[in-house]
Amino acid sequence: MSLSWAVLDMLFSRTCEGCGAAMGEESGSLCWDCRAEVKPVQVPFCERCGDPVAGAVVGPFECAWCHKTEPAFDWARSAVRYEGAAKTCLRRFKYNAGMWMLDDLTDWLVALWRTCPESVHTADFLACVPLHPARERERGYNQAALLGDRLAIHVGIPFQRRLLWRRKATETQTHLTAAQRAHNVKGVFSVPWPNRVRGARIVLVDDVMTTGATVNECARALKAAGASSVMVLTVARG
Ligand SMILES: [Zn+2]
Ligand SMILES: [Zn+2]
């Protein structure tokens, strides 16, 4: 190999985001093995919040959380399980400015979109879970806004980036229990221009849904401002 080829090879050789192995012909950020490991969220799952359950379930059902909480969103669905290579990708995308993963993550959302009912395909616009301005300045971007913006281009529905406002910067929720998460985000979101929301059918986009507390609080604010429906789509489900 000539020196120039060796340099080019060094500069442009890619490694898999999931396992670190050298990549060959694969497009995107995961090798074939890691890609095969990514698990789509499949039935059976809760009709309302999309949380998958293990084992056999006969007919549509609602999970205990939905039964108890009566969520403000109409329903929620996620593309993949938040584990393995998918989790590694999403964490790098969110915390380490892994912009090169945006195409893969959008592909998963688009695949999910195709399985959604007509009510999603005919929504008025897409919105995203907002970051507090201080947090967004610190990170340099809002990962949910990047996903919403990219999905909007694919599906041809307008994306309204500033529909929701985050009034305070909440602490990271990673180590909190479900009840603590719900308390942590209570009343945190508001709708600065309610006239944009009144009567609208909105698809809310986020990267990961864990307990559902954050998207539920966003949906509560949107419904309080007069949204007629709020459907939630996330890349992954924890
Ligand atoms: Zn890999
Ligand atoms: Zn549920």
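In listed order, ligands and their atoms are each counted from 1.
- Interatomic distance, CZ of R166 versus CD of E217, reported as 10.5 Å (0.5 Å rounding).
- Side-chain contact annotation: R201 with S119, donor-acceptor N/O pair under 3.5 Å absent.
- Here Y82 contributes atom OH and M209 contributes atom CE; the two are 14.5 Å apart, rounded to the nearest 0.5 Å.
- Annotation: angle subtended at the Zn ion (ligand 1) by C19 SG and C31 SG is 110°, to 10°.
- Protein N/O/S atoms closer than 2.8 Å to the Zn ion (ligand 2): C46 SG, C49 SG, C63 SG, C66 SG.
- Annotation: side chain to side chain contact (heavy atoms under 4.5 Å, CB included) contacts of R35 (sequence neighbours excluded): L30, W32, D104.
- To the nearest 0.5 Å, atom OG of residue S228 and atom CG of residue D74 are 8.0 Å apart.
- Side-chain contact between L147 and W108 is absent, with no heavy atoms from C-beta onward closer than 4.5 Å.
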